[in-house]
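All residue numbers in this chain count up from 1 along the given sequence.
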Amino acid sequence: QVQLVESGGGLVQVGGSLRLSCAASGLSDSAYATGWFRQTPGKDRECVAAIDWSGRNTYYADSVKGRFTISRDNAKNTVFLEMDSLEPGDTAVFFCAVRRVLWYATRPVDYGYWGQGTQVTVSS
């Protein structure tokens, strides 16, 4: 049974940084891709970053390019999202998701496993 646990969310001021972690259990190898999504009330879940199984190929939404960095540590089955220069518009619940395919995707429907989410609030 695959389980994902996010951590690292919180309250931060504009311009600050946070590092989210997504720890996966129940996966016997690193043959999976991971995406980070965010969601605000009344809006669809949006993929902000994704990474393939190797860590060599990544995706970023235009709104976070140059500010967010996704990475993974396959030895620890953990994926990270480093968020810098945070803006009020980044306020959302952030979810990590896993698909047991080598390559990442950006649609929520393409991911089969989800964490419970972690709140990120950026205050001005």
Side-chain angles (χ1 to χ4, degrees):
Q1 182 178 355
V2 176
Q3 289 189 322
L4 306 177
V5 178
E6 301 103 334
S7 61
L11 174 65
V12 64
Q13 292 187 330
V14 170
S17 298
L18 284 174
R19 189 192 199 204
L20 305 184
S21 298
C22 173
S25 60
L27 292 164
S28 59
D29 56 38
S30 59
Y32 62 92
T34 303
W36 280 101
F37 292 76
R38 66 185 178 189
Q39 189 170 27
T40 54
K43 293 192 175 181
D44 293 336
R45 206 164 283 192
E46 170 197 22
C47 182
V48 296
I51 191 165
D52 74 354
W53 70 280
S54 70
R56 290 192 291 269
N57 298 291
T58 58
Y59 162 85
Y60 296 98
D62 288 344
S63 58
V64 307
K65 278 181 183 175
R67 301 189 297 120
F68 290 12
T69 304
I70 189 170
S71 61
R72 63 189 293 159
D73 182 341
N74 285 342
K76 297 182 179 179
N77 270 354
T78 302
V79 175
F80 305 98
L81 185 67
E82 179 73 35
M83 305 187 294
D84 299 318
S85 303
L86 283 163
E87 304 167 351
D90 296 317
T91 296
V93 178
F94 281 72
F95 300 86
C96 68
V98 159
R99 63 195 302 250
R100 301 199 75 164
V101 177
L102 299 181
W103 317 115
Y104 64 74
T106 59
R107 302 184 307 167
V109 69
D110 291 323
Y111 288 83
Y113 305 97
W114 291 84
Q116 81 288 351
T118 184
Q119 176 71 45
V120 171
T121 303
V122 184
S123 66
S124 56

Test side-chain contact (heavy atoms from CB on, under 4.5 Å) applied to W53 and W103, step by step: CA-CA 7 Å; W53 70 280; W103 317 115; 3.9 Å; yes

Going only through I, L, V, M, F, W and Y residues with side-chain contacts under 4.5 Å, is there a path from [X] to [Y]?
X: L18; Y: W36; value: yes
X: F68; Y: I51; value: yes
X: M83; Y: V64; value: yes

Is the shortest side-chain heavy-atom distance between [X] and [Y] below 4.5 Å?
X: Q13; Y: L86; value: no
X: R100; Y: V2; value: yes
X: R38; Y: D90; value: yes
X: V14; Y: P88; value: yes

Any donor and acceptor pair, going by atom type alone, linking the side chain of [X] with main-chain N or O of [Y] inside 3.5 Å?
X: T91; Y: V122; value: yes
X: Y111; Y: A105; value: yes
X: R72; Y: G55; value: no
X: E6; Y: G117; value: yes
X: R56; Y: D52; value: no

Starting at [atom1] of [X], measure out to [atom2] of [Y] and round the result to the nearest 0.5 Å.
X: Q3; Y: Y113; atom1: CD; atom2: OH; answer: 11.5 Å
X: T69; Y: F80; atom1: OG1; atom2: CZ; answer: 13.0 Å
X: Q1; Y: S25; atom1: CD; atom2: OG; answer: 8.0 Å

Whether F95 and W114 hold their rings parallel, tilted or perpendicular, with breakpoints at 30° and 60°: perpendicular

Member of L20, V48, L81 meeting the side-chain contact (heavy atoms from CB on, under 4.5 Å) criterion with I70: L81

Option among N77, V101, L102 that satisfies the side-chain contact (heavy atoms from CB on, under 4.5 Å) test with Y32: N77

Summary of disulfide (SG to SG under 2.5 Å) pairs that have at least one residue in residues 71-110, sequence neighbours excluded: C22-C96

Residue list, side-chain contact (heavy atoms from CB on, under 4.5 Å) with K76, at least two apart or on another chain: D73, T78

More than 12 heavy atoms from other groups under 6.0 Å of CG on D44: no

Minimum-distance pair of heavy atoms, taken over all atoms of S85 and R67: O-NH1, 3.0 Å

Heavy-atom pair of closest approach, residues G9 and V120: CA-CG2, 4.2 Å

